[in-house]
Amino acid sequence: MKDNANTVVVLDFETTGLSPNYGDRAIEIGAVILENGTIVDRFQKLMNPGRPIDSFIEQYTNITNAMLVDQNSCEEVMTEFSDFMGDYNLIAHNASFDKRFLDAEFRRINKNYPGKFCCSMLVARRVYQNAPNHKLATLMSHANITPTGDFHRALADAEMTALLWAKIIADIKEKYDIMHVPFSSLVKLSKTNKKLVDKYLYSLTEK
DNA sequence: TGCCAGGCCCTCTTTAGGGCCTT
């Protein structure tokens with residue numbers, strides 16, 4: 001397992017709803033491989049959740065029932081995605097949400113993954129404490145990053161989360177004069193008391 | 001959307017409640 005932030009998989013799910021424990025399923029996955037701050041590979045697939053999606057989800061994602069009816073099953077798509085993600089560490093915006101769906105879909109196909117998740121939202125809450133809020137769209141604007149596509153589609157959100165992640169790391173390196181920010185340090189940062197963020201990041205400088 | 005989730009995080013807190021985020 002690579003303990004660094006140089007190569008990670010950034011992923012995003014569109015789903016039928018908020019809770020896999022209450023029967024919600026994935027309908028789209030988008031992911032990119034981010035290597036040294038550059039997107040070097042992409043994965044995007046719609047998938048058929050086995051039942052119709054409601055009008056809110058159609059409106060929210062612009063993914064319609066007509067678009068899903070002929071798609072491969074979640075099981076087929078997630079098997080393919082398992083090969084794409086390999087053993088890389090994982091990033092998602094509000095990762096607890098995407099992790100729940102990844103775990104639920106992988107459980108159905110008896111797959112596991114060795115990578116660890118880190119949440120771009122939790123890190124952004126600490127690094128960009130003055131942002132108006134910490135939604136992905138707001139953070140893109142706050143960090144002066146040009147959106148690359150439509151929000152609420154999986155690949156576009158994954159790409160934009162990746163760009164945000166790269167900017168966060170670049171900003172940390174510049175502000176705290178750190179050459180290397182290990183993935184494990186970013187996980188630790190995501191759990192650090194917001195008032196102690198400076199102290200923690202300066203402690204990395206001294207190493 | 002509606003009110004079906006869950007983890008984080010703040011505060012008028014910790015024997016709790018409610019907003020933020022994700023779809």
Side-chain angles (χ1 to χ4, degrees), chain A residues 8-32 43-65 67-68 71 74 77-78 81 85 90-108 116-143 145 147-165 167-168 186-200:
Chain A
V8 292
V9 168
V10 187
L11 66 94
D12 183 68
F13 279 107
E14 305 306 317
T15 69
T16 63
L18 292 171
S19 177
N21 292 337
Y22 282 73
D24 286 317
R25 300 292 304 270
I27 60 173
E28 186 183 38
I29 185 163
V32 302
F43 183 97
Q44 182 275 329
K45 285 282 163 72
L46 291 167
M47 54 194 118
N48 188 334
R51 58 183 172 79
I53 57 174
D54 65 33
S55 58
F56 170 76
I57 296 296
E58 284 192 316
Q59 201 165 20
Y60 187 80
T61 62
N62 282 323
I63 297 168
T64 64
N65 280 296
M67 291 162 67
L68 295 178
Q71 299 295 335
C74 298
V77 172
M78 294 309 297
F81 179 68
M85 68 185 275
L90 304 159
I91 308 294
H93 201 67
N94 198 13
S96 68
F97 175 85
D98 294 280
K99 183 177 189 303
R100 278 198 297 280
F101 278 93
L102 184 67
D103 290 350
E105 293 296 346
F106 269 22
R107 205 175 299 124
R108 290 170 177 269
K116 302 295 181 192
F117 263 99
C118 191
C119 176
S120 57
M121 183 190 74
L122 294 181
V123 173
R125 277 181 179 168
R126 286 157 177 80
V127 176
Y128 302 137
Q129 295 192 24
N130 294 328
N133 61 57
H134 298 86
K135 296 177 183 178
L136 179 59
T138 305
L139 288 167
M140 292 291 289
S141 169
H142 182 78
I145 303 169
T148 61
D150 295 329
F151 288 104
H152 308 308
R153 281 303 297 267
L155 182 58
D157 279 2
E159 284 179 340
M160 292 190 281
T161 300
L163 295 178
L164 176 66
W165 186 250
K167 181 72 162 61
I168 287 171
L186 291 159
V187 173
K188 199 166 176 182
L189 174 63
S190 77
K191 300 172 184 174
T192 297
N193 184 310
K194 285 166 75 173
K195 294 175 182 171
L196 301 177
V197 164
D198 272 343
K199 185 178 178 185
Y200 176 66

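So you know, we letter chains A, B, ... as the sequences are listed, proteins then strands, and number each from 1.
The residue A:Lys191 sits apart from the nucleic acid: no heavy atom pair falls under 4.0 Å. Across all strands, A:Asp12 comes closer than 4.0 Å only to sugar-phosphate atoms, never to a base (heavy-atom distances). Residue A:Asp157 is classed as a sugar-phosphate contact, given heavy-atom separations below 4.0 Å to backbone atoms only. Note on A:Phe101: nothing from the nucleic acid sits closer than 4.0 angstrom, heavy atoms only.
Separating the CG atom of A:Leu139 from the C1' atom of B:dT22 is a distance of 13 Å, rounded to the nearest angstrom. Between A:Met47 atom CE and B:dT23 atom P the separation is 14 Å, expressed in whole Å. Whole-Å rounding puts the A:Ile91 CD1 to B:dT22 C1' distance at 16 Å. Summarising the geometry, the separation between CZ on A:Phe117 and P on B:dC8 is reported as 14 Å, rounded to the nearest angstrom. Summarising the geometry, the separation between NE2 on A:His152 and P on B:dC21 is reported as 13 Å, rounded to the nearest angstrom. Rounded to an integer number of Å, the gap from A:Arg153 CZ to B:dT22 P is 17 Å. Atom CZ in A:Phe13 sits roughly 12 Å away from atom C1' in B:dT23 (whole-Å rounding). A:Asn94 has its CG atom 13 Å from the C1' atom of B:dG19, to the nearest Å.
A:Cys118 approaches A:Ala95 most closely through the heavy-atom pair O-CB, 4.0 Å.
Of the side-chain N and O atoms in A:His93, none sit less than 4.0 angstrom from OP1 or OP2 of B:dC21.
Atom name C1', nucleotides B:dC9 and B:dT14: the rounded distance is 13 Å, in whole Å. Remark: the separation of the P atoms in B:dC12 and B:dG6 is 28 Å, to the nearest Å. Spacing of P atoms, B:dT13 relative to B:dG18, comes out at 14 Å, to the nearest Å. The separation of B:dT23 from B:dG7, taken at their C1' atoms, amounts to 16 Å, rounded to a whole angstrom. A gap of 15 Å separates the C1' atoms of B:dC3 and B:dG19, to the nearest Å.
When the side chain to side chain contact (heavy atoms under 4.5 Å, CB included) test is applied to A:Ile145, the partners found at least two apart in sequence or on another chain are A:Met140, A:Ala143, A:Leu163, A:Leu164, A:Lys167. Residues satisfying the side chain to side chain contact (heavy atoms under 4.5 Å, CB included) test with A:Val127, not counting sequence neighbours, are A:Val123, A:Ile168, A:Ile172, A:Leu189. Partners of A:Thr138 by side chain to side chain contact (heavy atoms under 4.5 Å, CB included), not counting sequence neighbours, listed by chain and number: A:Pro132, A:Asn133, A:Lys135. With sequence neighbours excluded, no residue satisfies side-chain hydrogen bond (donor to acceptor under 3.5 Å, both in side chains) with A:Thr64. Among residues two or more places apart in sequence or in another chain, the side-chain hydrogen bond (donor to acceptor under 3.5 Å, both in side chains) test is passed with A:Thr15 by none. With sequence neighbours left out, the side-chain hydrogen bond (donor to acceptor under 3.5 Å, both in side chains) criterion links A:Glu105 to A:Arg25. A search for side-chain hydrogen bond (donor to acceptor under 3.5 Å, both in side chains) contacts involving A:Gln71 returns nothing, not counting sequence neighbours. For A:Asp150, there are no side chain to side chain contact (heavy atoms under 4.5 Å, CB included) partners two or more places apart in sequence or in a different chain.
Toward the 5′ end of DNA chain B lies the nearest nucleotide of A:Arg100, the other residue of the pair A:Arg100 and A:Asn193 mapping further downstream. Both A:Ser96 and A:Thr16 sit near DNA chain B, but only A:Ser96 has its closest nucleotide nearer the 5' end.
Closest to the side chain of A:Lys135, from the set B:dT22, B:dT23, B:dG6, is B:dT22. Distances from the side chain of A:Lys194 to the nucleotides B:dC9, B:dT23, B:dT22 place B:dC9 closest.
Within the 3.5 Å criterion, the main-chain N or O of A:Asp157 finds no donor-acceptor partner in the side chain of A:Asp12.
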Could you pull out all donor-acceptor pairs under 3.5 Å where a side-chain atom in residues 49-63 of chain A meets a protein atom, sequence neighbours excluded?
{"residue": "A:Arg51", "atom": "NH2", "partner": "A:Thr16", "partner atom": "OG1", "Å": "3.3"}
{"residue": "A:Arg51", "atom": "NH2", "partner": "A:Gly23", "partner atom": "O", "Å": "2.8"}
{"residue": "A:Asp54", "atom": "OD1", "partner": "A:Phe56", "partner atom": "N", "Å": "3.1"}
{"residue": "A:Asp54", "atom": "OD1", "partner": "A:Ile57", "partner atom": "N", "Å": "3.0"}
{"residue": "A:Glu58", "atom": "OE2", "partner": "A:Asn65", "partner atom": "N", "Å": "2.8"}
{"residue": "A:Glu58", "atom": "OE2", "partner": "A:Asn65", "partner atom": "ND2", "Å": "3.2"}
{"residue": "A:Tyr60", "atom": "OH", "partner": "A:His152", "partner atom": "ND1", "Å": "3.2"}
{"residue": "A:Thr61", "atom": "OG1", "partner": "A:Ile57", "partner atom": "O", "Å": "2.6"}
{"residue": "A:Thr61", "atom": "OG1", "partner": "A:Ile63", "partner atom": "N", "Å": "3.0"}

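Centre separation under 5.5 Å together with a plane angle under 30° holds for the ring of A:Phe56 and the six-membered base ring of B:dT1, marking them as stacked.
Taking a 4.0 Å limit (strictly below) on heavy-atom distances, residues 118-125 of chain A reaches DNA chain B at A:Met121, A:Leu122, A:Arg125. The stretch residues 127-134 of chain A touches DNA chain B through A:Asn133, A:His134, each having a heavy atom under 4.0 angstrom from the strand. Sorted by residue number, the members of residues 18-29 of chain A with any non-hydrogen atom under 4.0 Å from DNA chain B read A:Leu18, A:Ser19, A:Asn21, A:Tyr22.
The side chain to side chain contact (heavy atoms under 4.5 Å, CB included) test with A:Leu155 singles out one residue from A:Val32, A:Thr148, A:Ile29, and that residue is A:Val32.
Looking at A:Ile91 and A:Leu186, their side chains never come closer than 4.5 Å, going by heavy atoms from C-beta outward.
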